[in-house]
Amino acid sequence: MKKNRTVWSNRITKGNSKNFQRIGSSINIDKRLYKEDIFASIVHAKMLIKQKIIPKKDGFKIINGLKKIEREISKKKFKFKEQFEDIHQNIEKRLFQIIGESAGYLHTARSRNDQVVTDFKIWVKDSSQDTIDTINDLIKCILNKAEKNINTVMPGFTHLKNAQPVSFAHYLLAYVEMLNRDKKRFLNNILLIDECPLGSAALAGTSFNIDRKFTAKKLGFKKPTNNSIDSVSDRDFAIDFLSAAATCAMHLSRLAEDFIIFNSEAFSFLEFKDQVLTGSSIMPQKKNPDPAELIRGRTAINYGNLNSMLTIMKGLPISYYKDLQDDKGLVFDSYDTLKDSLMMAIELIKNLNTKKNNMRDMAQKGYTTATDFADFLSMKKNLPFRKGYSISSKLVNYAEKKKIRLDQLSKGEINKFVKEVNINIPKMFDVVNSMNSKTSFGGTSAKNVKRMIAKYKKELK
Ligand code: ARG
């Protein structure tokens with residue numbers, strides 16, 4: 001084959017316009033698939049040899065040539081050429097240079113359509129596992145921080161109004177739950193990807209006597225795909241990856257937003273070390289939590305990529321169309337963006353200190369233990385909860401008018417609202433006591449939180 005000619009040069013006799021060559025080529029993006037492409041090609045060649053479809057001698061030359069190309073690329077000694085469009089043709093062209101006409105046997109019984117989706121599936125599978133590993137690193141980091149803050153009491157919020165006292169560790173563990181679900185989404189995708197498209201060829205399958213089960217197994221898939229048309233059309237696995245990444249990014253964005261609020265002077269619950277802060281070019285006093293803002297902002301990129309992929313697929317007639325070439329850029333970008341966000345979340349948590357006194361002071365504001373008093377009346381005075389709730393709300397009205405906290409009320413004052421209550425007032429309205437009374441499964445008591453941390457740690461092993 002002539003050096004700089006495309007494989008289709010007999011049919012497309014004029015070279016492509018410079019603009020189209022640049023726009024139509026995907027090599028700058030899909031060169032990231034070189035390892036997967038060479039791996040799949042070697043397995044394909046082995047299968048062709050085993051099935052006696054190609055001569056052994058040429059097959060071995062192909063395998064050795066491919067291994068040499070892999071070394072060249074990993075040592076950055078490979079010259080990628082735009083005119084050969086993508087990673088598949090760049091490698092095939094180089095193979096001709098290295099081993100000559102024997103290279104012509106490699107593309108027997110396959111097409112770039114099944115080739116690209118095979119490479120891409122392998123990449124998504126490995127990257128899903130890598131994402132799970134990074135999520136685990138973040139979970140470990142959260143658990144370490146939680147362990148040190150089991151007794152750090154803060155106001156839990158609803159509507160951003162002080163609601164009930166909770167442990168900061170319990171708050172952090174809520175994110176462990178979200179991340180555990182994220183891991184399951186990526187894992188589920190790994191399970192769904194487990195069918196190998198190679199051997200579907202362009203869209204119809206092939207008349208060569210190929211062994212798809214062999215190829216599937218050697219490439220780490222459970223089985224070959226069932227339908228050749230679906231095989232080259234399917235990008236569900238890319239959508240699933242993008243969707244899992246978007247959901248995970250959303251969780252990180254909520255964490256980031258919480259941190260930004262808690263780090264504000266208005267809240268002053270948390271401070272970050274300089275390692276994760278920036279200053280201002282005009283305001284000398286500033287210390288800004290930029291990584292949290294980047295995590296929040298970049299969630300848009302993860303959402304956008306999912307939306308783009310769904311839109312590419314909508315209305316696309318089945319089998320292969322060039323529209324599909326842009327799938328890889330979206331997925332690579334989402335993977336990179338999410339990985340960076342996960343790493344920034346790790347950095348933020350590592351460099352975070354809780355301002356425990358401020359958190360406790362704030363937990364005492366806004367009558368956060370009024371529910372505890374209602375619960376007490378219902379439990380100990382055998383009142384219906386609604387009755388206890390009503391009495392407690394009147395008590396709050398009274399204390400608010402007097403501009404005092406509930407624990408500053410006297411026994412006499414409380415007895416005006418409900419007779420013969422014998423309570424230890426400071427204890428009844430104490431925020432730590434309130435927190436530790438929430439012993440129901442999944443509640444915020446220190447005992448529960450300790451048990452949960454131990455459980456999560458065990459799951460990580
Ligand atoms: N670079 C192409 C892609 O990523 C490979 C498949 C090309 N197939 C074709 N029929 N043009 O989608």
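Values below: all heavy atoms of this structure, side chains included; hydrogens, waters and symmetry mates excluded. Counting starts at 1 for both ligands and their atoms, in listed order. Sequence positions, counted from 1, serve as the residue numbers for this chain.
The list of salt bridge (charged side-chain N to carboxylate O under 4.0 Å, His left out) pairs with a residue in residues 216-231, not counting sequence neighbours, reads Glu195-Lys223.
Of the N and O atoms on the side chains of Asp133 and Gln129, at least one donor lies less than 3.5 Å from an acceptor on the other residue.
Ring planes of Phe262 and Phe269: tilted class, angle from 30 to 60°.
Taking the six-membered ring for Trp, Phe332 and Tyr335 have ring centres at least 6.0 Å apart.
Among residues two or more places apart in sequence or in another chain, the side-chain hydrogen bond (donor to acceptor under 3.5 Å, both in side chains) test is passed with Lys50 by Asp211.
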Check each N or O atom of ligand 1 against all protein N or O atoms and list the pairs under 3.5 Å, with atom names and distances to 0.1 Å, one per line.
| residue | atom | partner | partner atom | Å |
| --- | --- | --- | --- | --- |
| ligand 1 | 1 (N) | Asp86 | OD2 | 2.8 |
| ligand 1 | 1 (N) | Gln325 | OE1 | 2.8 |
| ligand 1 | 4 (O) | Lys328 | NZ | 2.6 |
| ligand 1 | 8 (N) | Asn113 | OD1 | 2.9 |
| ligand 1 | 10 (N) | Asn113 | OD1 | 3.0 |
| ligand 1 | 11 (N) | Arg112 | NH2 | 3.3 |
| ligand 1 | 12 (O) | Tyr320 | OH | 2.5 |

Throw together a table of side-chain donor-acceptor distances under 3.5 angstrom for residues 200-210, partners on residues two or more places apart or in other chains.
| residue | atom | partner | partner atom | Å |
| --- | --- | --- | --- | --- |
| Ser200 | OG | Pro197 | O | 2.7 |
| Ser200 | OG | Ser231 | OG | 3.2 |
| Thr206 | OG1 | Phe208 | N | 3.1 |

